[in-house]
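Below you'll find the structure, written out as structure tokens, and then a few comments.
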Amino acid sequence: MATAVGTLSHTEDRSRIWEWMTTVDHKKIAALYGVTGFIFFLIGGIEATLVRTQLAVPNGNVIDADLFNQLFTTHALTMIFLAIMPMGASFFNYLIPLQIGARDVAFPRLNALGYWTYLTGAVMLTSSFFLGGAPNGGWFAYAPLTSLEYAAGKNLDFYTVSLLILGVSSLMGSLNFAVTIINMRAPGMTMMRLPVYMWMTLVVSFLLILSLPIITVALVQLYFDRNFGTNFFTPDTGGDPILWQHIFWLFGHPEVYVLILPSMGIVSEVLPVMSRKPLFGYSAIVFAGAAIGVLGFAVWSHHMFTTGLGTVPQIVFSASTMAIGIPTGIKIFNWLGTMYGGNIRFTTATYFSVAFIFLFTIGGISGVMHASPAVDGQHQDSYFVVAHIHYVLFGGAIMGIFSGIFYWFPKMTGRFLNETSGKWTFWLLFVGMNLTFFPMHFLGLAGMPRRIYTYDEGLGWETWNLVATIGVYVIVVGVSVFIVNFFRTMRQPQTAGDNPWDAATLEWATSSPPPEHNFDVVPEVHDRDPLWYNRDHGIAPAAKPEHLHIHLPPPSYMPLIVAMGVALLGIGGLSHVAVAVLGMAVVVYGIWGWALEPTE
Amino acid sequence: MAAAAHDAGHQTSLGVDNRKLLMWIFLASECLFFGTLISTYLIFKGQSLVGPFPGDILDIPLTSTSTFVLLMSSVTMVLAVYGAQHGRLGLMRGMLVGTILLGTTFLGFQVYEFRHFGHVGLNLGTNQFGATFFLMTGFHGVHVGVGVLYLTSLLLGSMRRSGLGKERALWVDTAGLYWHFVDVVWIVIFTIVYLIPE
Amino acid sequence: MGRSGAGRVIAIVVSLVITAATVGLLYIAFVDSANTPQTTFQAMSENGQKAQDVYTLIFILAGIVFAGVMALTLIFSLVYRERAGGKALQLHGNSKLEVLWTFIPVLIVVVMAVPTFQVIAETTGAAPEESLTVHAVGHQWWFEFDYPELGVVTASDLHLPVDRPVRVILQSKDVIHSFWVPQLSGKVDMVPGHDNQLWFTPNTPGEYLGQCAEFCGLSHANMRFRVFVHTEADFDAWVQGQLAEAATPAEGLAAEGAQQFTLSGCIGCHTVKGNALAMGVVGPNLTHFASRTRLAGGMAENNEAELRRWLSNPPAMKPGSIMPNLNLSPEAIDKLVAYLQTLQ
Amino acid sequence: MSHEASAGHGHEEHPPTTIRQYVLIGIILAVITAVELVVSYYPPGSLEIPLLLGLSAVKFGIVAALFMHLKFEHKIMTRMFLIGIVLAASLMIAVFALFTHDDTDNRVLPDREAITAGAGGH
């Protein structure tokens, strides 16, 4: 049956939806990741708006306590796992083959499976609102609040199953990206001539490859605790809630570097091009990125300074956390060095990248502040930490992603996003972001704890909470302006040439948008900034051979079948084991069909 | 296997095949997976409050034989890879069958041990030992099961007219890497659970 | 290479002015948020003061780095903005500079690390011998305070003598909570299955606000408490008051309240020393309920109106409250209020 | 045994180990397992755990280097596997130390003494 089905997938049926459902082209998958990630960014934004509206005034009654707990939990989960990581994956997917001069990623069908599994996990997590309650134990779901005794509903089962599926999807993606970058670089592109964005992608891939299995074990243990009566985290029967915290944060901290390094990579690509000079201190930034990757595994217990760690562990983890501030500092100085002496063209992408440096530094500073347990005793679980998180994630990751969108939009679609509307988006986001998140430093100092659904008046928290809520509405306006800009631009004709920004990396050596096989001839790389080197040394791009016989993998919907099997497995995990068994059968059938499918 | 990457389309930077590199990086990821499971076991070693303790119910001779079985399956696996690389298809198929049989025997021992523990009152929820032991050895067993399926599909593939195609050596070698890794993990688990006392 | 002469100077001055203005405004805002009731910036205990000194030092360092990076970003953005015919300096890097700005963060970190490690060593060690021991036990959504040496059990209001170290043993009966009185010391979590410890020496009498700081469920926001630091004499007087048993009222509305207390099943969850029937341990000890300033886990003022609102429908006032809605009739509530107010 | 599997130069390149050598390695592994058993049954005091861990590490190395041909593969494979092994080992040690560190051991196991005393456990 599979072979019959297999042949069907070869006929080039051109129905648009089927083309997208069975695509294995890294550019289409990037578009799918990008659009889905942005939609979930909007959903996360709505959750944030509801949370802030409830906290606008003391003793607000916009939403009740349980819905508030669900919303702040899913806001964090959606923004981290369903928005920032997939939008990062969208850039990875699109740019890895183009920046290293390859025709596609190493395993195209695995790439498609990664997306469809992500979509399954995302739909499952978000649909939990309507199917018995979304996760409401906080995004790091500390035990024993997540045990059956204190979280009876299906909320936390949705948490474990969805995150397991999302984890599998990210693992497949990162393995694929790591192999592609290591093994499919253009001739002449040694590791030290790799674009910095590729280095950050490689570090992110390894952070994910090495940290996801750890959270998989933690989630399976929590699932078993809740459904099979094991006692890993239940204190009265010998379990230890601190075990969950250790295993979670062993994954948690590399995870937050997974969220920020891609944006650091984007800024390291945008700033040199817009300043019209090479990146300052390439090897310093690359080694700093690698150092952050390695040290990322040595700092996890700074999330646990207040859980009664002994004196020695506090000193050790405080030292390693302060140490990780140093490579971050080096990166910031090197970005400033890149701007120094430049002839900076202030497009919207540049605005976002410069804002990234400034806002991420604030987040970095407040982060290094509570690396010291003396300070962390006051900051932990207060709004100061919420301010730090959002300066690093909104001021850092989101600003970097918007910079990337405006910078690579001409390459992806052949059209320029409108610059005036882009400037409006930037200033609305910049002002809105600072209005919302800087007051949270003051709220943290005034002793406001995290995750409280309401507070009394007379504690000095009223004004700043109101200001923060106003700020959120300014951000909402900013994002809406961007959406309008996006749809208006998509109706414009394709006017962007191959290299509108006169950039240096290989993706600008092919047409915009690039053909399905990316490069007619894979370019030879002689230097860190290949196109600038070729321009300065008068090396003409290789002539287009008269007939191109480039073999591209045929579309296939085995990834879709396997993803459906994974969905059934997940649903089975939440409902009845028979569904899970059916899911396993579909997965095995999908993989079997996959193996038999001819790729020539 | 540099050979697999010789056609112009797949010119690779390091001259190694993507699929083998993928397997090795996947195995690095699996190290962390089993590392976390083993750490949880070690943290709770000797902390069980109630119920049958490891010292009372672990059957060292039985598990030593099953360890020996899994060790020998590594030998047959490497010989199967040898057969695939040197074009000795008879040896390859024979050794593949051998590895599959040894693997299934190992699983048989494990199922027996799980049922035996069930009879003496140790199951998932009984105590810390039960929870961590069943999770760790259970996941290892799942990996052995997946390995058996993997090797069986290779065996069936080699029975086809076109056999495993010109990348035969690569497919069998990559499967071998997975199998050896699963055996190596058992070596660590066997020592930590059965040999090192409470 | 960017603006020159007057243009450059203007750009630099403008940047510095903006940076100075921003830092000034932020300083004012930070100082303003430092005199709020639950501020983290007024240490009223030795250990708190030690941590505060490190906190201030780190705040200053943070301010300097913030101002530096803000100024540089603004200056470079203004000075090196695109100009027609402008030429960009094709710099690849400068290893001396790299060493310098690796050394600066290392220096900042060392300046932060040394005092931090000292404070950790001093404040997280074992409490001094002569400290008063208090068991703070976290329940879902109220704090219980026991004084094993003094035999006093209370809730929501923690009374301490001034200038005497107190060793707080932190426990939890259900999920993870966190004992946090910003003015007295940094928070330490109350983890079930662990006996964490926190010690400090309050040095100024007064009333300090505290709040649970680890997300613990529906009413995490309503899990609050207060710490009253008294002079030695006042503290002893308070202890004597707490040791006295509650006298069951002879007649009048209060007496009927005592019966209602039994009838409505309050005795199942609450203990009232002196009332032989009331031995429950699920809820707080109410022997000296009226002497407390707050009720419902420190959520509301302990006055008649709030008490009535609480008794009429506890879950409505405090989401998820384990104390159910007993659907008490107004008369029953009058009686109970009268009785509870006698439990001084 | 030391030649390097260099980048694609024509015909297939595989490790030079012969069948007899593979079987011999298999026997060595079996012998080490037997030694481990002996050490476990007649524990030489405090040496037992380091010895057992050492022996299993040796077996680990043999299988990885010779059966998984790490010795003959491109060094990227060894590096990838080492990243996983080294990180897993160091994290296991760190977490184990954190859980058994003296002054953090404020874990109070519920009614442990009563039960274990009764059941004569560890």
Which atoms of [X] approach chain A - backbone, side chain, both or neither, heavy atom under 4.5 Å:
X      : result
B:F134 : neither
B:S39  : neither
B:N123 : neither

### Query
Of the backbone (N, CA, C, O) and the side chain (C-beta and beyond), which part of A:V220 lies under 4.5 Å from a heavy atom of chain B, both, or neither?
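Just its side chain gets close to chain B.
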### Query
Considering only heavy atoms, which portion of A:L243 lies under 4.5 Å from any heavy atom of chain B: side chain, backbone, both, or neither?
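When you check distances to chain B, only side chain atoms of A:L243 fall under 4.5 Å.
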#### Entry: CZ/B:F68: more than 12 non-hydrogen atoms of other groups inside 6.0 Å
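No, because the 6.0 Å sphere around CZ of B:F68 holds 12 heavy atoms or fewer from other groups.
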[atom1]-[atom2] distance between [X] and [Y], expressed to the nearest 0.5 angstrom:
X      : Y      : atom1 : atom2 : answer
A:T180 : B:N18  : OG1   : CG    : 7.0 Å
B:L32  : A:I215 : CG    : CD1   : 12.5 Å
B:L124 : A:T230 : CG    : OG1   : 6.5 Å
A:L171 : B:S29  : CG    : OG    : 4.5 Å
A:I242 : B:I43  : CD1   : CD1   : 11.5 Å
A:W592 : B:L156 : CH2   : CG    : 9.5 Å

Looking only at heavy atoms, what is the nearest atom pair of [X] and [Y], with distance?
X      : Y      : answer
B:L135 : A:Q221 : CD2-CG, 3.5 Å
A:F107 : B:R19  : CE2-CG, 3.6 Å
B:G125 : A:N231 : O-ND2, 3.3 Å
B:D17  : A:N183 : C-ND2, 4.0 Å
B:I25  : A:A178 : CD1-CB, 4.2 Å
A:G238 : B:F44  : O-CE2, 3.7 Å

#### Entry: 4.5 Å side-chain heavy-atom contact, B:F26 and A:I209
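The answer is no, as the side chains (C-beta and beyond) never meet within the 4.5 Å cut-off.
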### Message
So B:T40 and A:I247, do their side chains get closer than 4.5 Å, heavy atoms only?
### Response
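Result yes, sub-4.5 Å side-chain heavy-atom pair found.
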#### Entry: Check against side-chain contact (heavy atoms from CB on, under 4.5 Å), A:L212 and B:F33
CA-CA 8 Å; A:L212 281 169; B:F33 180 75; over 6 Å; no
### Task
Show your reasoning for whether side-chain contact (heavy atoms from CB on, under 4.5 Å) applies to A:R185 and B:L14.
CA-CA 9 Å; A:R185 283 164 283 132; B:L14 301 176; 3.9 Å; yes
